[in-house]
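Each chain gets a letter, A, B and so on, in the order its sequence line appears, and its residues count up from 1.
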Amino acid sequence: MNYWLMKSEPADVSIDDLAHRNTVGWYGVRNYQARNFMRDTQQVGDGVLFYHSSCEQVGIAGIARVASAPYPDPTQFDPTSKYFDPKSTPEKPRWQQVDVEFVRKTPLLSITQLRQYPPLAEMVVLQKGSRLSITPVTQQEWDFIQELLAC
DNA sequence: GCCAACGTTGGC
DNA sequence: GCCAACGTTGGC
């Protein structure tokens with residue numbers, strides 16, 4: 001059992017979208033490190049901090065969980081998709097995704113708030129220059145954030 | 001829109 | 001395999 005922070009642009013898929021649809025395929029990852037986390041390390045049931053990025057209110061917007069094994073991201077084969085990858089084939093797919101299932105929406109924990117808590121100082125997503133869209137979260141960080149949200 | 005940081009590409 | 005050039009991310 002592991003914990004993760006997964007970035008989504010709310011203009012694309014927000015926590016409210018996830019709440020409505022219950023489960024979404026995490027399509028569009030085009031970074032090998034992030035892909036490898038989904039393909040090699042994530043397991044069904046892993047906890048996910050659902051994070052809104054590239055928007056007005058950047059931060060943790062809800063809780064979710066990993067809900068499937070990895071499978072090929074269909075957008076890589078779709079020439080009309082901005083995630084189309086001409087070098088990928090159905091026989092040898094390059095990009096994988098998992099399904100992510102809604103758990104609950106939370107009050108927004110903004111990135112500036114997150115930076116104020118010393119126990120979160122080492123969070124990967126808060127490190128300078130960190131751009132990975134999927135990052136591991138430690139048990140301690142997860143527990144601390146759950147306590148914050150319980151207040 | 002800026003720009004730091006990082007990832008990818010491709011010539012050699 | 002090196003590395004310069006270029007492209008992308010994402011907070012501000």
Item checked: Nearest-nucleotide pick for A:S133, side chain only, options being C:dC12, C:dG10, C:dG11 -> C:dG10
Between [atom2] on [N] and [atom1] on [X], what's the gap in Å once rounded to a whole number?
X: A:D12; N: C:dT9; atom1: CG; atom2: C1'; answer: 15 Å
X: A:E56; N: C:dG11; atom1: CD; atom2: P; answer: 13 Å
X: A:L5; N: C:dG11; atom1: CG; atom2: C1'; answer: 14 Å
X: A:Q113; N: C:dC12; atom1: CD; atom2: P; answer: 13 Å
X: A:N31; N: B:dT9; atom1: CG; atom2: C1'; answer: 15 Å
X: A:H52; N: C:dG10; atom1: NE2; atom2: P; answer: 14 Å
X: A:I134; N: C:dG10; atom1: CD1; atom2: P; answer: 11 Å

What pairs of nitrogen or oxygen atoms, one from the protein and one from nucleotides 6-8 of chain C, lie under 3.5 Å apart?
from: C:dT8; atom 1: O2; to: A:R131; atom 2: NH1; distance (Å): 2.5

Can you name the residues that form a side-chain hydrogen bond (donor to acceptor under 3.5 Å, both in side chains) with [X], not counting sequence neighbours?
X: A:R39; value: A:N36
X: A:S88; value: A:Q76
X: A:Q139; value: A:Y3, A:D143

Next item on the list: Would you please name every residue forming a side-chain contact (heavy atoms from CB on, under 4.5 Å) with A:Q33, sequence neighbours left out?
Entry: A:N31, A:L132
Note to self: Under the rule for side-chain contact (heavy atoms from CB on, under 4.5 Å), what residues qualify as partners of A:N2, not counting sequence neighbours?
What the structure shows: A:W4, A:T41, A:D46
Margin query: For a quick check under 3.5 Å, do A:D78 and A:T80 share a side-chain donor-acceptor pair by atom type?
Written below: yes
Could you go through nucleotides 1-3 of chain B and list every protein N or O atom that sits under 3.5 Å from one of its N or O atoms, giving the distance for each pair?
none

Note to self: Through direct or indirect side-chain contacts below 4.5 angstrom among Ile, Leu, Val, Met, Phe, Trp and Tyr, which residues connect to A:F84?
What the structure shows: none
Checklist line | Residues that A:Y32 engages under ring pair (Phe, Tyr, Trp, His ring centres under 6.0 Å), provided they are two or more places apart | finding: A:W95
Notebook entry, point to check: Phosphate oxygens OP1/OP2 of B:dA4: is one of them under 4.0 Å from a side-chain N or O of A:K128?
Noted result: no
Checklist line | Check ion pair A:D73-A:R35 (N to O, under 4.0 angstrom) | finding: no
